[in-house]
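Handing you this structure, nothing more for now.
Remember, it's 1-based here, ligands and their atoms both numbered in the order they're listed.
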Amino acid sequence: MFEHDIDDLKDKGLLRRILDRQGSGEGEAFPSATRIKIGDVEYINFSSNDYLGLASSPALAAAAIDSLEKFPFGAGASRLLSGGTELHRSLEEKIASFKGTQSALLFNSGYHANIGSIPALAGEGDVIFSDELNHASIIDGCRLSSARRIIYRHRDMEHLASLLESVEGARKLVITDTVFSMDGDIAPVDKVVSLCSKSPDTLLFLDDAHGTGVLGNGRGALAHFNMKPESWIIQMGTLSKALGSFGAFIAASRDITDWLTNTSRGLIYSTALPSCVVAACNAAIDIVENNAALTDKLWRNQKRAVAGIKMAGFEIVSDETPIIAVLVGDINATAALAQELKQRGIYAPAIRPPTVKNARIRVTVSAAHTDEDIDALVSAFKESNTSED
Ligand SMILES: *Cc1c(COP(=O)(O)O)cnc(C)c1O
């Protein structure tokens, strides 16, 4: 049925395949946070969003195993049909206290949280203002909403201000990624908050998927900008990236979470997270709250990688976060460089259209990388660059 379409993708160099990693074999060490084995070859992994190395933390695994002695593996039903457990409730309380909000509500993934909440927060007669580089799950959430959508230029506060002023008498919802997932730059959250605070009847939705566990000592973008939660600010965060587990949350005022509990279809019509996943999330937040050294290490690695890649002669989109987008040229040049890195033991894949407008190698750095890992990354870039001239 789709043969021609697939051939077309192939011709354009855009056909993607899923590559699954192998597990560690018998007698090998506990799953590594920084190594990935594909097709029997081991690489240093620079493609994961596991920014703190928690995905392979024995503490998370132990919490998950422990929970299975008290609760079933599967939740069996949605939260509203009592699929949740005491662990779900305590995780929500922990997240609310971590984020300094009145309340928090769990979702099955960041994708669910966005497509489930955005239509519940903005509907008929309302207006959504969305950054042009917002994540696909936000775009899909906006598509599912009956609200009018207005796209503002990437991080352009003058544009956002003039658009907000141009709309009167409607409820407004401003939505932005805090860390843009493909460019790695940070939204000017302080300025967005200030604009929203001056605009009547305006809610702000922050997608902190890559800020959670990374910015503001792990507390996210608002904390990074030294700002406090407000009743009109909705902070979405994922448990699947820096927190090393799975799922997502919305931290907000009690009114907002009560409203979402009653109207968010992604929450109401989907089975609750398994308790073992929730138990691991609980352990992850404890670790982030009590180990500032972990986020410090992440940022030290980030600086080492950014400096090295620049020294190797490459242009990067932004040096602000552990997401380092390296611009190499067109799709073919980018794919070729990714292949060269791979031959040098570095796994940092090319990201191509339609995920991004311009192809790039997306390097993500973790606290779990050693100095030697980062240096190997930098050498691989350096060698690939000279071999190209
Ligand atoms: C990854 C991501 C999501 C989706 O989160 P999942 O938990 O992986 O579904 C949402 N928003 C942004 C900005 C992301 O990067």
Side-chain angles (χ1 to χ4, degrees), residues 18 47-52 54-55 60 88 91-92 95 104-119 121 128 130-145 151 154-155 173-189 192 204-216 220-222 224 234-252 260 264-267 270-274 277-278 280-281 284-285 317-318 320-325 349 351 354-356 360 362-366:
I18 291 173
S47 76
S48 172
N49 301 313
D50 179 22
Y51 298 113
L52 300 175
L54 293 181
L60 268 64
H88 293 69
L91 177 58
E92 286 171 340
I95 290 168
L105 186 61
L106 286 177
F107 284 81
N108 287 355
S109 73
Y111 189 84
H112 266 85
N114 285 345
I115 65 164
S117 328
I118 293 168
L121 293 167
I128 296 173
S130 178
D131 186 291
E132 66 178 329
L133 290 192
N134 275 344
H135 191 258
S137 55
I138 294 177
I139 296 171
D140 293 357
C142 292
R143 284 182 182 151
L144 287 172
S145 161
I151 310 298
H154 181 49
R155 293 169 72 200
L173 177 66
V174 175
I175 310 182
T176 183
D177 280 18
T178 58
V179 174
F180 290 88
S181 55
M182 290 299 148
D183 283 9
D185 50 346
I186 301 178
V189 173
V192 181
L204 170 61
F205 188 102
L206 297 173
D207 178 333
D208 220 1
H210 295 277
T212 307
V214 172
L215 296 179
L222 269 191
H224 172 80
I234 297 135
Q235 299 179 71
M236 173 276 196
T238 48
L239 299 158
S240 54
K241 289 175 174 152
L243 294 175
S245 181
F246 190 68
F249 61 82
I250 280 183
L260 291 177
S264 172
R265 295 167 71 86
L267 175 90
S270 193
T271 301
L273 286 170
V277 167
V278 174
C281 296
I285 296 201
V317 177
S318 158
E320 291 181 300
T321 70
I323 301 172
I324 307 170
I351 311 279
T355 306
V356 289
R360 77 274 315 268
R362 181 176 178 271
V363 171
T364 49
V365 175
S366 161

- [ ] Just jot down the ligand 1 atoms closer than 4.0 angstrom to any heavy atom of His210, in number order.
- [x]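 Checking each atom against His210, I get 14 (C), 15 (O).
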TODO: Output, in order, the C-alpha distance, side-chain angles, deciding distance and verdict of side chain to side chain donor-acceptor pair (under 3.5 Å) for His154 and Asp183.
DONE: CA-CA 11 Å; His154 181 49; Asp183 283 9; 4.7 Å; no
- [ ] Do me a favour and list the nearest non-hydrogen protein atom to atom 4 (C) of ligand 1 with residue, atom name and distance?
- [x]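 Nearest protein contact, heavy atoms only, for atom 4 (C) of ligand 1 is Tyr111 N, 3.5 Å.
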- [ ] Please say whether Asp177 places an N or O atom under 3.5 Å from an N or O atom belonging to ligand 1.
- [x]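 In this structure, Asp177 places no N or O atom under 3.5 Å from an N or O of ligand 1.
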Open item on the list: We want to know whether Asn134 and Asp207 form a side-chain donor-acceptor pair, criterion being a heavy-atom distance below 3.5 angstrom.
Closed with: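 Not at all, the side chains of Asn134 and Asp207 share no donor-acceptor pair under 3.5 Å.
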Task: Where ligand 1 meets Ser137 - atom numbers and elements under 4.0 angstrom, heavy-atom basis - done: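 Listed by number with element: 10 (C), 11 (N).
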- [ ] Output the list of atoms in ligand 1 that are nearer than 4.0 Å to some heavy atom of Thr238, sorted by atom number.
- [x]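 Within the 4.0 Å cut-off of Thr238, ligand 1 contributes 5 (O), 7 (O).
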- [ ] For atom 7 (O) of ligand 1, find the nearest protein heavy atom and state the residue, atom name and distance (0.1 Å precision).
- [x]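 Its nearest protein heavy-atom neighbour is Gly110 N, 2.8 Å.
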- [ ] Give the atoms of ligand 1, by number and element, whose distance to some non-hydrogen atom of Ala209 is under 4.0 Å.
- [x]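 Answer for ligand 1: 2 (C), 11 (N), 12 (C), 13 (C), 14 (C), 15 (O).
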Task: Within-4.5 Å side-chain heavy-atom neighbours: Tyr111 and Thr238 - done: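 A side-chain contact is absent here, since even the closest heavy-atom pair is not under 4.5 Å.
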Open item on the list: Using a 4.0 Å cutoff against the non-hydrogen atoms of Ser109, which atoms of ligand 1 qualify?
Closed with: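 Selected atoms, number and element: 7 (O), 9 (O).
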Task: His112 contact mode with ligand 1 (heavy-atom cut-off under 4.0 Å) - done: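 For His112, no heavy atom sits under 4.0 Å from ligand 1.
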Task: Shortest protein heavy-atom distance from atom 1 (C) of ligand 1, along with the residue and atom involved - done: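 It is Lys241 NZ, 1.4 Å.
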Open item on the list: Does any part of the side chain of Ile118, heavy atoms only, come nearer than 4.5 Å to the side chain of Ile138, both counted from C-beta?
Closed with: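 Yes, their side chains come closer than 4.5 Å.
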Task: Value rounded to 0.5 Å, distance of NE2 in His88 from SG in Cys281 - done: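 It is 9.0 Å, given to the nearest 0.5 Å.
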Task: Heavy-atom pair of closest approach, residues Asp131 and Arg155 - done: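 The answer is OD2-N, 2.8 Å.
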- [ ] For atom 11 (N) of ligand 1, find the nearest protein heavy atom and state the residue, atom name and distance (0.1 Å precision).
- [x]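 Going atom by atom, the protein heavy atom closest to atom 11 (N) of ligand 1 ends up being Asp207 OD2, 2.6 Å.
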Task: Side chain proximity check, Phe249 to Leu91, heavy atoms < 4.5 angstrom - done: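 Heavy-atom side-chain distance check fails, nothing below 4.5 Å.
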- [ ] Using a strict 4.0 Å cut-off to heavy atoms of Ser240, name the atoms of ligand 1 that fall inside it.
- [x]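 In order of numbering, the contacting atoms are 6 (P), 7 (O), 8 (O).
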Task: Contact atoms of ligand 1, heavy-atom distance to Ser181 under 4.0 Å - done: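 Listed by number with element, the hits are 15 (O).
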Open item on the list: Could you check whether any side-chain N or O of Asp50 sits under 3.5 Å from a backbone N or O of Ala55, counting only pairs where one atom can act as donor and the other as acceptor?
Closed with: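 Flag set: sc Asp50 to bb Ala55 pair under 3.5 Å.
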Open item on the list: Counting only nitrogen or oxygen atoms and a 3.5 angstrom limit, does Val179 reach ligand 1?
Closed with: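 Between Val179 and ligand 1, no N or O pair is found under 3.5 Å apart.
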Task: Thr364 side-chain N/O to Asn49 backbone N/O, donor-acceptor pair under 3.5 Å - done: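 Here the side-chain-to-backbone pair does not exist.
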